[in-house]
Trainee: 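This is the structure, below, for whatever I ask next.
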Amino acid sequence: MADITDIRTRLQACGQEHLLGFWDELDQNGQETLLEQIDTINLEQLQQYIEKFVASEPVPVTPDDITPAVVLPRKPANDEQKDLYQRAIERGNELLAEGKVAACVVAGGQGTRLGFDGPKGSFQATPVAKKPLFQVFAEQIQAASLRAGKPIPWYIMTSRINDTQTKAFLRRNNYFGLDPKNVRCFRQGTMPAIGLDGKLLLAKKGTLAVSPDGHGGILPALRDSGSLDDMDQRGVTVISYFQVDNPMVKCIDPLFIGLHDLNQAEMSAKALAKRDPMEKLGNFCVVDGKTSVIEYSDMPEDLARSTNDQGFLKFSAGSIAIHILSRSFVQRLTEGQSCSLPFHRAEKAVRHIDASGTKITPSEPNAVKLEMFIFDAMPLADKTVILETRRSEEFSPIKNAEGLDSPITCLHHQVRRAANWLKAAGVELPLDAEGQTAAAIEISPLFADSAEELAKKIDPSLTITGGQQLYLGSRGQIGGAR
Ligand code: UTP
């Protein structure tokens, strides 16, 4: 166990000895826990971060050598591409049939903007059956596994704030039909919250205030949790990465997987055309010859608004946090002690106790949170593939309680996609006065997880009436509820 004298000296050396301010009030257990928590922090390195991110604020530098990244179109543009996409789908399906693909969702975030009490994966997100996000993904994974004839293991990144609840939720729901052997939760790391004066905050007398270390924390967490080894043992070579807040994501996409593999890419990404130059999505660029994502907040406005010869936005490809990572790439990046993704700073309101032990709930940001972002791994990859997708098919995140990117916008988008699939299959839909679908429709991924799949299964003479709640369920049942 860590030694109090040693810890006190180290804390004094970096001006953080206030963390022991309530030492004498703690019982032995409390003292041990606090020492252990402090001992896991690299105090000397943290001091450097405080100087870099708190004492001053890093100013983003616009690189000199920056060009838009090459993006493969959603649909092949010529015969050569048609052939490539066909081969990619075959290759993707082959990898799935060989059991070489894993699904991986990052679900360790705090979800403060949504303000939902519980892991975001347990949030009811679908229009008719009100399925939680985890169920939507589980059903997609099951559908893809059945097609492949091989189970697709599912790795779920949790964090200290929701790990126990997430595991209990999955257990309570029988893993939504998946074999628990193929579902593995692993916990990401944390970073201490740093007050704006550079002092670390205490959440309680014997506990530091910490927050998850960002979705980029997946890299060390995969290694430290033994998940990379587990993948190795299962023969997994390709990781399909997505976020917990986007129920429209195609968790397993043979085309995307195949393009990644045929190009021998280490990390790939899906992109979509930004709605407007200032949309809050990372920008795919090539910086000094490396594919990179520049955060919207770091992109100078004139560059974000710049256009090409045809008058189109130059940097139009936005990042939506859907990736393929090669296991060998993650292994390479996490070899040795440190994992080299940079930290980003965000100011947050963090609950804590003050020097007198009084609980403070600030209404304004009072602390700096340091997070790693997964897209910062892109420039570290030797090869990358970026594939365009369509917003209406694959992206509608639930971030905010209301307004843009909220549960209500996501419900609309899910219904619109289901309606588009039905329309493409020849089914007539009831419309309201504005030409919008006048029924709530939900298609279980176990019924069909693409327009093509639906067209094979649906009877085009299906009658849908205005105001109907239509659910196309797992075993082909058609009803109003699950
Ligand atoms: P967000 O950037 O939306 O953050 O995460 P958040 O913490 O969920 O929500 P806010 O900002 O507090 O409102 C995008 C994705 O990355 C995951 C989230 O769970 C979500 O799937 N994430 C984020 C993590 O897994 N760990 C983190 O530390 C941060």
Side-chain angles (χ1 to χ4, degrees), residues 103-123 125 132-134 136-137 154-163 165-167 169-170 184-193 209-222 224-225 227 239-249 251 269-270 279-282 293 295-298 318-323 325 330 339 341-351 365 367-377 394-407 409-410:
C104 184
V105 64
V106 286
Q110 289 168 301
T112 36
R113 285 169 289 171
L114 181 62
F116 170 65
D117 188 19
K120 218 189 233 189
S122 62
F123 183 79
L133 287 157
F134 281 138
V136 177
F137 308 133
W154 185 21
Y155 297 82
I156 301 173
M157 184 165 87
T158 62
S159 62
R160 198 185 149 100
I161 49 175
N162 63 22
D163 183 69
Q165 280 174 297
T166 300
K167 285 177 179 157
F169 180 76
L170 291 167
R184 186 181 164 114
C185 292
F186 65 101
R187 230 166 78 163
Q188 69 179 111
T190 53
M191 282 298 280
V210 294
S211 52
D213 58 2
H215 39 70
I218 187 176
L219 299 180
L222 278 174
D224 298 342
S225 64
S227 301
I239 306 166
S240 183
Y241 167 106
F242 52 97
Q243 299 193 156
V244 77
D245 53 23
N246 178 19
M248 293 185 53
V249 65
C251 305
K270 281 200 183 168
E279 185 177 2
K280 292 181 172 178
L281 294 179
V293 175
E295 261 291 73
Y296 57 88
S297 48
D298 291 347
S319 169
I320 49 172
I322 303 174
H323 297 288
L325 296 149
V330 179
C339 170
L341 295 189
F343 277 105
H344 295 251
R345 134 198 240 283
E347 287 191 12
K348 298 272 167 175
V350 174
R351 267 182 277 179
V368 168
K369 186 172 144 182
L370 295 179
E371 288 189 317
M372 290 177 275
F373 295 157
I374 186 63
F375 57 68
D376 281 327
E394 223 184 331
F395 187 61
S396 185
I398 299 175
K399 297 274 185 202
N400 305 308
E402 346 186 282
L404 206 66
D405 295 340
S406 65
T409 54
C410 184

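One is the number of the first residue; the rest follow in order along the sequence. Hydrogens, waters and symmetry mates are skipped; everything else that's a heavy atom, side chains included, is used. In listed order, ligands and their atoms are each counted from 1.
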Trainee: Quick one: does M191's side chain get under 4.5 Å of K369's, heavy atoms only?
Mentor: no

Trainee: Of the protein's non-hydrogen atoms, which lies at the shortest distance from atom 21 (O) of ligand 1, and what is that distance?
Mentor: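 Here the nearest protein heavy atom works out to V106 O, 2.7 Å.
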
Trainee: Atom CG of L325 and atom CG of L219: how far apart are they, to the nearest 0.5 Å?
Mentor: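 Between L325 CG and L219 CG, I get 7.0 Å after rounding to 0.5 Å.
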
Trainee: Tell me, which protein residue and heavy-atom name are nearest atom 16 (O) of ligand 1, and how many Å apart are they?
Mentor: H215 CD2, 3.4 Å

Trainee: Are the side chains of P247 and F123 in contact, using a 4.5 Å heavy-atom criterion?
Mentor: no

Trainee: Evaluating non-hydrogen atoms only, which member of G109, G214, G111 is closest to atom 9 (O) of ligand 1?
Mentor: G111

Trainee: Of the protein's non-hydrogen atoms, which lies at the shortest distance from atom 26 (N) of ligand 1, and what is that distance?
Mentor: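 Result: Q188 OE1, 2.7 Å.
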
Trainee: Measure the shortest side-chain to side-chain distance between Q243 and K120 over non-hydrogen atoms and say whether it is less than 4.5 angstrom.
Mentor: no

Trainee: Using a strict cut-off of 4.0 Å, indicate which atoms of ligand 1 neighbour a heavy atom of K399.
Mentor: 1 (P), 3 (O), 14 (C)

Trainee: Do the side chains of V368 and F343 get nearer than 4.5 Å, heavy atoms only?
Mentor: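 No, every pair of side-chain atoms sits at 4.5 Å or beyond.
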
Trainee: Atom CZ in F395, atom CG in L281: separation rounded to 0.5 Å?
Mentor: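 Here the rounded value is 5.5 Å.
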
Trainee: Looking at atom 2 (O) of ligand 1, what's its closest protein heavy atom, distance included?
Mentor: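 Protein heavy atom with the smallest distance to atom 2 (O) of ligand 1: R113 NH2, 3.9 Å.
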
Trainee: Which residue holds the protein heavy atom closest to atom 7 (O) of ligand 1, what is that atom called, and what is the gap in Å?
Mentor: Q110 N, 2.8 Å

Trainee: Nearest non-hydrogen contact with atom 12 (O) of ligand 1 belongs to which option: T112, D405, D213?
Mentor: T112

Trainee: Among all protein heavy atoms, pick the one closest to atom 25 (O) of ligand 1 and tell me residue, atom and distance.
Mentor: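 Result for atom 25 (O) of ligand 1: G108 N, 2.8 Å.
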
Trainee: Rounded to the nearest 0.5 Å, what separates atom CD in E371 from atom NE2 in H215?
Mentor: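 Between atom CD of E371 and atom NE2 of H215 there are 7.0 Å.
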
Trainee: Between A107 and ligand 1, which part of the residue brings a heavy atom under 4.0 Å of the ligand: side chain, backbone, both or neither?
Mentor: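 The part of A107 near ligand 1 is the backbone, not the side chain.
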
Trainee: Atom CD of E295 and atom CG of D376: how far apart are they, to the nearest 0.5 Å?
Mentor: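 With rounding to 0.5 Å, CD (E295) is 8.5 Å from CG (D376).
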
Trainee: Would you mind listing which atoms of ligand 1 come within a distance below 4.0 Å of any non-hydrogen atom of M157?
Mentor: 25 (O)

